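To keep things clear, I will list the structure first and then write my remarks on it.
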Amino acid sequence: MDQELAAKVAIVTGGSGGIGRAMVELFVEQGAQVVIADVDVGRGEELAADLGPAAAFRRTDVADPDDVQALVDFAVDRFGGLHVMCNNAGVSSSFRRLLENDLRDLQRVMAVNLFGVMYGCRSAGLHMAGHGGGAIINTTSMGALTGGSFPIVYRTSKAAIIQFSRSAASDLAEYGIRVNCIAPGHISTGITNYDLGPTIRYSQPLQRQGSSADVANAVLFLASDRAAQIAGVVLPVDGGTAAGPPFAQTQLLLAQAQGQGGADAG
Ligand SMILES: NC(=O)c1ccc[n+]([C@@H]2O[C@H](COP(=O)([O-])OP(=O)(O)OC[C@H]3O[C@@H](n4cnc5c(N)ncnc54)[C@H](O)[C@@H]3O)[C@@H](O)[C@H]2O)c1
């Protein structure tokens with residue numbers, strides 16, 4: 001099979017670890033030249049060295065618009081263009097309840113998760129608009145699609161990415177730039193440093209553990225020409241979580257309701 005990203009140049013923010021790392025590895029395998037952008041210099045440089053001349057590392061704090069512009073300039077200078085921009089870097093937020101939460105991480109979480117995506121879209125868009133277009137994929141979260149309480153600031157930042165991405169998709173389409181989102185859920189990485197077993201059991205219809213590679217496959221699709229007619233969508237990679245709980249959980253609730261004598265309602 002032909003390589004899906006032959007002769008393309010890509011940037012992956014948050015590319016040193018987790019889901020971003022899987023994107024970097026898959027993109028290189030699929031023929032792209034990739035700039036890994038991250039604040040984790042050690043792991044980023046090591047990954048770039050492992051992947052050889054098709055990869056380069058650039059220390060970037062996505063919360064800093066000058067850093068992000070310098071990143072895009074670096075990619076263009078190093079590899080001669082920019083066709084795919086993955087605004088993937090993200091951080092979690094406090095798991096405290098709203099009335100207990102002093103919102104101390106609000107500024108940083110919004111700066112990285114939301115503003116970082118906005119800076120990435122603008123800087124990449126400025127280059128792509130003058131060079132035949134491109135594909136931008138922003139990483140939101142299943143936590144932006146489902147209801148629920150904490151992490152409140154994180155969910156809010158990720159929900160804002162979706163609305164921003166729709167606006168950007170509409171605004172940038174005339175330049176041949178496609179903007180889309182992926183929404184991962186329950187992927188074991190540095191951000192999900194808790195036992196995912198119960199979460200999957202109670203809330204994910206597909207009873208399998210999703211991997212960073214699963215997310216990277218979806219991003220590859222959106223980055224490639226196979227998605228030429230797709231802009232402004234949010235693609236969940238969440239084992240069906242956004243669709244609702246597993247049937248077994250619904251059945252359990254029903255059985256409990258019947259046990260309490262109230263199960264006839266349709
Ligand atoms: N793992 C999941 O289940 C899940 C679910 C929904 C959304 N996401 C999103 O996926 C993306 C990747 O997260 P992950 O799960 O791979 O976690 P991760 O912690 O393994 O990776 C995040 C990467 O982003 C980098 N990073 C953090 N702040 C940065 C900054 N200011 N500038 C540049 N890089 C920075 C980190 O160093 C790290 O390499 C995030 O946006 C996250 O919110 C993950």
Side-chain angles (χ1 to χ4, degrees), residues 11-26 35-48 57-72 74 85-93 95 105 107-121 123 137-146 148 150-151 153-162 164-165 181-197 199-200 203-204 206 208-216 218-219 234-239 241-242:
I11 289 174
V12 179
T13 71
S16 291
I19 292 169
R21 183 188 178 98
M23 291 182 202
V24 171
E25 290 172 339
L26 184 61
V35 177
I36 304 156
D38 207 297
V39 288
D40 187 333
V41 176
R43 284 202 298 171
E45 284 183 341
E46 198 179 299
L47 178 59
F57 175 76
R58 170 89 187 182
R59 198 234 173 244
T60 309
D61 180 353
V62 297
D64 180 341
D66 294 335
D67 253 22
V68 176
Q69 185 57 51
L71 166 68
V72 169
F74 172 81
M85 179 75 181
C86 296
N87 294 303
N88 166 76
V91 289
S92 191
S93 73
F95 274 68
D105 57 14
Q107 308 291 337
R108 183 66 186 161
V109 175
M110 293 307 260
V112 174
N113 290 8
L114 176 60
F115 301 163
V117 168
M118 296 170 85
Y119 302 145
C121 284
S123 291
I137 299 100
N138 297 329
T139 304
T140 173
S141 169
M142 174 272 298
L145 299 175
T146 57
F150 56 50
V153 172
Y154 178 81
R155 280 182 189 274
T156 304
S157 69
K158 292 294 182 178
I161 289 174
I162 294 177
F164 168 75
S165 300
C181 289
I182 49 144
H186 316 320
I187 308 295
S188 180
T189 64
I191 230 173
T192 44
N193 54 1
Y194 47 89
D195 180 8
L196 287 169
T199 313
I200 291 171
S203 68
Q204 183 180 291
L206 293 176
R208 69 185 279 276
Q209 169 69 66
S211 68
S212 293
D214 290 325
V215 184
V219 176
V234 182
L235 177 55
V237 187
D238 66 349
T241 301

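What you are looking at is a predicted structure, and each value in this text was computed from that prediction instead of being measured. Side chains are part of it too, since the values below use all heavy atoms of this structure and drop only hydrogens, waters and symmetry mates. Counting starts at 1 for both ligands and their atoms, in listed order.
- Listed by chain and number, the residues in a side chain to side chain contact (heavy atoms under 4.5 Å, CB included) with S203 are H186, T199, T241 (sequence neighbours excluded).
- The nearest protein atom to atom 29 (C) of ligand 1, hydrogens excluded, is given as V39 CG2, 3.8 Å; this is a heavy-atom distance.
- Annotation: V91 places no N or O atom under 3.5 Å from an N or O atom of ligand 1; distance criterion only.
- With hydrogens and angles ignored, the 3.5 Å screen pairs a side-chain donor or acceptor of R155 with a backbone N or O of G143.
- G90 O, 3.9 Å is the protein heavy atom nearest to atom 22 (C) of ligand 1.
- For ligand 1, none of its N or O atoms has an N or O atom of A37 under 3.5 Å away.
- Taking atom 21 (O) of ligand 1 as the reference point, the nearest protein heavy-atom neighbour is G17 O, 4.1 Å.
- Of the heavy atoms in K158, only side-chain atoms (C-beta onward) come closer than 4.0 Å to ligand 1.
- In this structure, the side chain of T192 engages the main chain of I187 through a donor-acceptor pair within 3.5 Å.
- Every residue meeting the side chain to side chain contact (heavy atoms under 4.5 Å, CB included) condition with V91, not counting sequence neighbours, appears here in chain and number order: V109, V112, N113.
- The N/O atoms of Y154, backbone and side chain alike, include one that comes under 3.5 Å of an N/O atom in ligand 1.
- In terms of protein heavy-atom proximity, atom 37 (O) of ligand 1 is nearest to D38 OD1, 2.6 Å.
- A salt bridge does not link D238 to R208: none of the charged nitrogens lies less than 4.0 Å from a carboxylate oxygen.
- Counting only non-hydrogen atoms, the option in I161, N193, T60 that gets closest to atom 33 (C) of ligand 1 is T60.
- Across all non-hydrogen atoms, the minimal contact from A183 to V234 is CB-CG1, 3.9 Å.
- Residues V24 and R21 fail the side-chain proximity criterion, which asks for heavy atoms closer than 4.5 Å.
- Counting only N and O atoms by type, the side chains of S165 and N138 include a donor and acceptor under 3.5 Å apart.
- Donor-acceptor pairing under 3.5 Å is recorded for the side chains of T139 and N88.
- In R108, the part holding a heavy atom less than 4.0 Å from any atom of ligand 1 is the side chain.
- Between D61 and ligand 1, a contact under 3.5 Å exists for at least one N or O pair.
- Remark: minimum distance from atom 14 (P) of ligand 1 to any protein heavy atom is reached at T189 OG1, 3.4 Å.
- In terms of protein heavy-atom proximity, atom 6 (C) of ligand 1 is nearest to P184 O, 3.0 Å.
- Ligand 1 lies nowhere less than 4.0 angstrom from a heavy atom belonging to D238.
- The closest approach between T13 and ligand 1 stays at or above 4.0 Å for every heavy atom of the residue.
- Of the polar atoms of N88, at least one N or O is found under 3.5 Å from an N or O of ligand 1, judged by distance alone.
- Nearest to atom 13 (O) of ligand 1 among the protein's heavy atoms is I191 CD1, 4.2 Å.
- Under 4.0 Å from ligand 1, not a single heavy atom of N113 appears.
- Inclusion of V62 in the set of residues having an N or O under 3.5 Å from an N or O of ligand 1 is warranted.
- The nearest pair of heavy atoms linking S188 to Q209 is N-NE2, 3.6 Å.
- Looking at ligand 1, you won't find any N or O of R43 less than 3.5 Å from one of its N or O atoms.
- Counting protein heavy atoms only, atom 1 (N) of ligand 1 is closest to I187 O, 3.0 Å.
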